[in-house]
Amino acid sequence: MTRHLTRSGTRRGALTLLSLALLAAGTTGLPEAAAAGTEAASGAATTSVTAAGTAAGTAAGTAAGTATGTGVRQPVVGPPATEHGCARIEKSLPTLADWPKVRSWVESSAWDEKRISKILAGMTLAEKVGQMTQPEIGAITPEEVGQYGIGSVLNGGGSWPGRDKHASQKAWLDLADAYWKASVATRTKIPVIWGIDAVHGNNNVYGATIFPHNIGLGAAHDPCLVRDIGEATAAQIRATGQDWAFAPTLAVVRDDRWGRTYEGFSEDPRITRAYGYEAVKGLQGGNSHGLSDKGVIATAKHFIGDGGTDRGVDQGVNKSSEAEMINIHGQGYYGALAAGAQTVMASFNSWTNADLGIAEGKMHGSKKALTDILKQKMGFDGVVVSDWNGIGQVEGCTNASCPRAINAGIDVVMVPNDWKAFIANTIAQVESGQIPVARVDDAVRRILRVKLRAGVFEAPKPSSRPFARSGDALQARKLAREAVRESQVLLKNNGRVLPLAPRSKVLVVGKSADSLQNQTGGWSLTWQGTGNTNADFPNGTTILGGLREVLGAENVTFSETADGVDPSAYDAVIAVIGETPYAEGVGDLGRRSLEAAKIYPGDLAVLDKVYGKGAPVVTVYVAGRPLWVNKEINRSDAFVAAWLPGTEGGGVADQLVRASRHYEGYTGKLSYSWPKGACQTPLNAGAEGYDPLFPLGYGLRSGQNSAIGHLDENVPETGCGSNGGGGTATDPLEIFNRTDVAPYKSFIGSPENWGGTEIGVDGTAAHAEINVVPSDVNVQQDGLKATWTGTGPGQIYMQDPAGGSDLRGYPNADGALVFDTIVHQAPAARTVVSVHCVYPCFSEVVATSLFRDLPTGTKATVKIPLACFAATGFDFENTNTPFLVYTEGAFSASFANVRWEPKAGKDPDARNCADLHD
């Protein structure tokens, strides 16, 4: 791998001093405030359109665009202007009046198209549908790949060959070879390709270097760095035999309550646009004819608007206007497609706003988004791939059947487990005319086009390709450590505590100081990043390990909880605190406040033990988003945002100590605004009333003093939103969303233990009468499957162990108890759904017929009006158990996304209370 320029202080594609000053002043030139004008951001083929619909300016030497039939010329976007050999982060982007045509770096080839037509003409319908089908490696054998002519396979987060988290490089290559050999032995001889969630390095593979998550790279403001990491990641992927990276994520995050915030580079679309270009260039390499033999297929995801959902709800509703979609959420795709991204992944979110007349619903079923916009207006000629069981969320569809999604423009369908049924259903739907043959042919043409450009038709088996079998290719520690150094942001430095002097004697405290699990975060070996130990990252260095390296082990004392130590005996205390791992869904904060101390109270307890005790306190914050940390900052003399640095914690230590071997000084600048208040979200530069604690682009230099006084520590007692007391609730009360939502915990109860057995973090619990395991309802492992054996009564319930809460606001808002369910076996005996106001105070409805009438094996959403419980005099002022299902016989059902939803009690599909009786 070649660095684009040496590290000289001029290499960085960072914001200029002028633009940083504008950012600090809150005038960012973001789309919300940008005036129409020339498209300086691309430096190539773009046209800006004025509100009057006339061309306001065109980049020199480029065409103005194509006529749209309304007198308005369509904008055209090409490669970006460069700085130091990489895409430039522009000071501003123009406002576009329509979706632009994107000129791809990878050009169409007449020779390829002729070859594709010949292959396509000889294929049967079954072979075509096989190419469109993408099963998970745990659900398909190499023999089945050949039998069904499968076009691609994937491994999800936390999936490995042989289900072995420590699978060797050889095991990965052996499986890749087996799939490949089976595919080229078919009649069509079309090679299979393997996709993998390599979102910060090849993060599923044991022993591979893991880079900082995207939020940290955004703070580096260095597009060249992003390209280099893309190149290194491509080498890592090829080292284990995959062809296709499900990266980069191009979400422009608008609400940091979203559990995938760290997967977005920035709230600033200027950064996302430049980074989208360089991430794809790094991953794919190559020239105008296709990928290099050292590159992999990149994926621009998730199209479109995943970072803009209401309240930051994962897979929720984006209410943006089309202009906002074009000018905010589309920017990363203009960069990625200009770089030649060969695949685009559809997003789980919906695009709906009744007030604006927008009713696209789930993006997987939106023909407007996937075909009219992406393929036609933007000119994308590659593959649109669905997300994990994403078609099952489209109205009228299941995980194994969805003509609407295919007709909308999905080319490759990710059906991890139900792939055989999907193939059979899709063939039947084509034969019956529900899916046009022309749509299938278009999908397969696109698949073959991408495979030709990727060179897989001519490539040998995966283990014989560049970087395969190379253990060195899995390692990029020097680059990763540099990325960690560049991504650190110094937020407070009272008294110029940092940098520390060489050979300082330090006390290190905090849960994340010696935790590679916390450093790497989600999507690290496992899907959620949980269940790992330091031993699972044999080539990694913790922040504690890095401090021992740069200061000398004899100068570093570690006490995680700071018990029994005297801070005054040290030159400084370094507290490493922050979030623990999470991934999609599980990380959503919902209606909870942004207060870190409420989510992770142990961190504040540690700081209280060391602050003001005779040594300055330097706090290193390891996390996937900005949280409200006023209390923590007040107990710190210096405060560093380290984000999720990955396996090279030494890069954090490098910046803390002056004259360490790699010391460069802090250069990172916030790519996300930092909240001043615990309920201050959404918070985005350029928005009305913008008033952050630290603005977008803020960051101190090493040795720079800050004048941060005591920050306000007041927080609302009931969280954010109007939900408690005798008022009217406005926000949903989340109870279970892929995992328990605090303060609620999930339990089972039966004669074996009516006091309740808590369902573990692994989603399991068992009594003789009832057992629970994780299940897929909407997405991967988002539900709990409860099975009553019929040997006695039992219940599954969700309860606040601390006692009751005043939830009168929900019945006042015509709310309903809402949950998604799949009935696997209908109840054999009387079954009830109940809510409790500290037992024996409770109210129940009889749900035997409700569950019996639901179709077996199909997801349904149940809405039980809270008025049904109020009718029996339920005390909502003291609710401690908002969900309970009890039965006395055999029954099996999965439950997911359990919540109390304002206004849902009046929905047309809400249950009639009169029907819920004996």
Minimum heavy-atom separation for [X] and [Y], please, with both atom names.
X: L627; Y: L594; value: CB-O, 3.3 Å
X: V622; Y: P645; value: CG1-CD, 4.2 Å
X: I759; Y: G763; value: CG2-C, 3.6 Å
X: A597; Y: L604; value: CB-CD2, 4.0 Å
X: L696; Y: A685; value: CD2-CB, 3.8 Å
X: S671; Y: A219; value: OG-N, 3.6 Å

So, do [X] and [Y] sit near enough that their side-chain heavy atoms are less than 4.5 Å apart?
X: W628; Y: L693; value: no
X: V576; Y: I574; value: yes
X: F265; Y: N214; value: yes
X: V199; Y: K301; value: yes
X: Y690; Y: S673; value: yes
X: L700; Y: Y666; value: no
X: L733; Y: L807; value: yes
X: T667; Y: R701; value: yes

Hey, could you give me the [atom1]/[atom2] distance between [X] and [Y], rounded to the nearest 0.5 Å?
X: E648; Y: T209; atom1: CD; atom2: OG1; value: 5.5 Å
X: F736; Y: D782; atom1: CZ; atom2: CG; value: 7.5 Å
X: L656; Y: L500; atom1: CG; atom2: CG; value: 6.5 Å
X: I215; Y: W643; atom1: CD1; atom2: CH2; value: 4.5 Å
X: S636; Y: I577; atom1: OG; atom2: CD1; value: 6.5 Å
X: L498; Y: N493; atom1: CG; atom2: CG; value: 5.0 Å

Query raised in the report: What salt bridge (charged side-chain N to carboxylate O under 4.0 Å, His left out) pairs are there with at least one residue in residues 511-521, not counting sequence neighbours?
Result: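 Counting only pairs at least two positions apart or across chains, the salt bridge (charged side-chain N to carboxylate O under 4.0 Å, His left out) contacts touching residues 511-521 are K511-D603.
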Query raised in the report: What salt bridge (charged side-chain N to carboxylate O under 4.0 Å, His left out) pairs are there with at least one residue in residues 686-700, not counting sequence neighbours?
Result: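 Output for this query lists K676-D691.
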Check: [Y] main-chain N/O paired with [X] side-chain donor or acceptor under 3.5 Å:
X: Q655; Y: G651; answer: no
X: D310; Y: N318; answer: no
X: Q528; Y: A583; answer: yes
X: H302; Y: N349; answer: no
X: R254; Y: E267; answer: yes
X: W351; Y: S320; answer: yes
X: K609; Y: T561; answer: yes
X: D637; Y: V617; answer: yes
X: K492; Y: I708; answer: no
X: Q331; Y: R273; answer: no

Query - Residues S266, Y275; criterion side chain to side chain contact (heavy atoms under 4.5 Å, CB included); working and verdict - result: CA-CA 10 Å; S266 180; Y275 274 23; over 6 Å; no
NZ/NE/NH1/NH2 to OD/OE distance under 4.0 Å, [X] and [Y]:
X: R311; Y: D255; result: no
X: D256; Y: R625; result: no
X: D654; Y: R481; result: yes

Query - Derivation and outcome, side chain to side chain contact (heavy atoms under 4.5 Å, CB included), residues T533 and Q517 - result: CA-CA 6 Å; T533 67; Q517 173 175 269; over 6 Å; no
Side-chain H-bond candidate by donor/acceptor type, [X] with [Y], under 3.5 Å:
X: E584; Y: W527; answer: yes
X: H200; Y: S524; answer: yes
X: Y663; Y: S702; answer: yes
X: N494; Y: S706; answer: yes
X: Y582; Y: T739; answer: no

Query raised in the report: Is the ring centre of Y621 less than 6.0 Å from the ring centre of W674?
Result: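 So the answer is yes for these two rings.
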Query - Stepwise side chain to side chain donor-acceptor pair (under 3.5 Å) check, T261 with Y672 - result: CA-CA 10 Å; T261 293; Y672 286 79; 5.8 Å; no
Query raised in the report: With respect to I89, which candidate in D268, D222, I271, T272 satisfies the side chain to side chain contact (heavy atoms under 4.5 Å, CB included) definition?
Result: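 Going through the options one by one, the only one that passes is I271.
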Requested in this report: Determine, stepwise, if the pair V779 / R738 fulfils side chain to side chain contact (heavy atoms under 4.5 Å, CB included).
Outcome: CA-CA 9 Å; V779 294; R738 303 198 193 183; 3.4 Å; yes
Report task. State whether the number of non-hydrogen atoms from other residues, nucleotides or ligands found under 6.0 Å of K613 atom NZ is greater than 12. Result ->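 Correct, the count exceeds 12.
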Query - salt bridge (Lys or Arg N to Asp or Glu O under 4.0 Å) partner of E713, the single match among R635, K598, K631 - result: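 The option that passes is R635.
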Report task. List the steps and the verdict of side chain to side chain contact (heavy atoms under 4.5 Å, CB included) for N532 and L516. Result -> CA-CA 8 Å; N532 295 320; L516 281 164; over 6 Å; no
